[in-house]
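One structure below.
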Amino acid sequence: MHRNLVGCGLLAGALLAAGGCGGEEKTTEWKTMEECIEQQPSRIPGLEVDGSRSVDNVANQIWKIDCRLQLTYRNELRKKTELAGDIRLRFPVDYNGEIGTIEVLRSSIEDEDFVRKIRYVIDTSEFPFWADRESDETVVTVTFEFGDS
């Protein structure tokens, strides 16, 4: 197993407001899932990958998950205007791309219903088949941020 560490912390809302991690300026607001995916940065700050999957393989899927989470957040924000916070998660991904049990390492999100929705989005996501390592599992650790947390 090997570990790859990248950057300082995933700013999931970076495309919604100016700013970002590591001095990168992001000012483009996206309206569709496709627009969000097209704006994937060259690296996902704060992403940790421990296992045989490449950082690029994991980052591509994490960005898609992040886009889905931001759409979920936008919908929730209509009902709960004060919703904000961050959540740091760790979960395994097997060679088939299936996601195992999601462990919450840290969360400042007080709304348990929203945390359940975050888990659901991740639980219903899949990674591509990883043919190189049929018996290997990769552990992903990532932080998602919502609003002005």
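These numbers come from the heavy atoms of this one structure, side chains and all, not from hydrogens, waters or symmetry mates. None of the values given here were measured: they were computed from a predicted structure.
- Look at R88 and E48 and you find a salt bridge, because one of the NZ, NE, NH1 or NH2 atoms lies within 4.0 Å of a carboxylate O, short of that distance.
- With W30 as the aromatic partner, R74 meets the cation-pi criteria of under 6.0 angstrom to the ring centre and within 45 degrees of the ring axis.
- Without hydrogens or angle criteria, S108 side chain to D86 main chain gives a donor-acceptor distance under 3.5 Å.
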Discussion item. With side-chain contact (heavy atoms from CB on, under 4.5 Å) as the criterion, how do L77 and F146 come out once you've worked through the C-alpha distance, each side chain's angles and the decisive distance to 0.1 Å?
Written reply: CA-CA 10 Å; L77 200 56; F146 305 95; over 6 Å; no
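- Side-chain contact between P128 and N57: present, with at least one pair of heavy atoms (C-beta onward) separated by less than 4.5 Å.
- Under a 3.5 Å cut-off, the side chain of Y73 and the backbone N or O of L83 do form a donor-acceptor pair.
- The two atoms that bring I62 and F91 nearest to each other are CD1-CZ, 3.9 Å, heavy atoms only.
- Remark: K31 NZ is loosely packed, at most 12 non-hydrogen atoms of other residues, nucleotides or ligands lying under 6.0 Å away.
- Qualifying side chain to side chain donor-acceptor pair (under 3.5 Å) partners for D56, counting only residues two or more places apart in sequence or in other chains: none.
- Note that the CD atom of Q39 and the CD atom of E29 stand 10.0 Å from one another [nearest 0.5 Å].
- Atom CG in L47 sits 9.5 Å away from atom OG1 in T143 (nearest 0.5 Å).
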Fill in: Pair E76-K80, salt bridge (charged side-chain N to carboxylate O under 4.0 Å, His left out): steps then yes or no
CA-CA 6 Å; E76 289 297 302; K80 306 167 187 172; 3.1 Å; yes
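- Summarising the geometry, atom CD1 belonging to I65 is positioned 12.0 Å from atom CD1 belonging to I118; distances are rounded to the nearest 0.5 Å.
- In this structure, CD1 on I87 lies 8.5 Å from CZ on F114, to the nearest 0.5 angstrom.
- Scanning both residues, M33 and C67, for their nearest heavy atoms gives SD-CB, 3.6 Å.
- Looking only at side-chain heavy atoms (C-beta outward), N96 and W130 stay at 4.5 Å or farther from each other.
- Between the side chains of R68 and S125, at least one donor N or O sits under 3.5 Å from an acceptor N or O.
- Side chains of V93 and E137 form no contact here, defined as non-hydrogen atoms less than 4.5 Å apart.
- Atom CG of L71 and atom OG1 of T32 lie 8.5 Å apart (nearest 0.5 Å).
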Which atom pairs, donor and acceptor, lie under 3.5 Å between side-chain atoms of residues 97-106 and protein residues at least two apart or in another chain?
from	atom 1	to	atom 2	distance (Å)
E103	OE1	R90	NE	3.3

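- When all heavy atoms of S107 and V115 are compared, the closest pair comes out as OG-CG2, 4.4 Å.
- At least one side-chain heavy atom of P41 sits less than 4.5 Å from a side-chain heavy atom of W63.
- Atom CG of D111 is separated from atom NZ of K79 by 9.0 Å, given to the nearest 0.5 angstrom.
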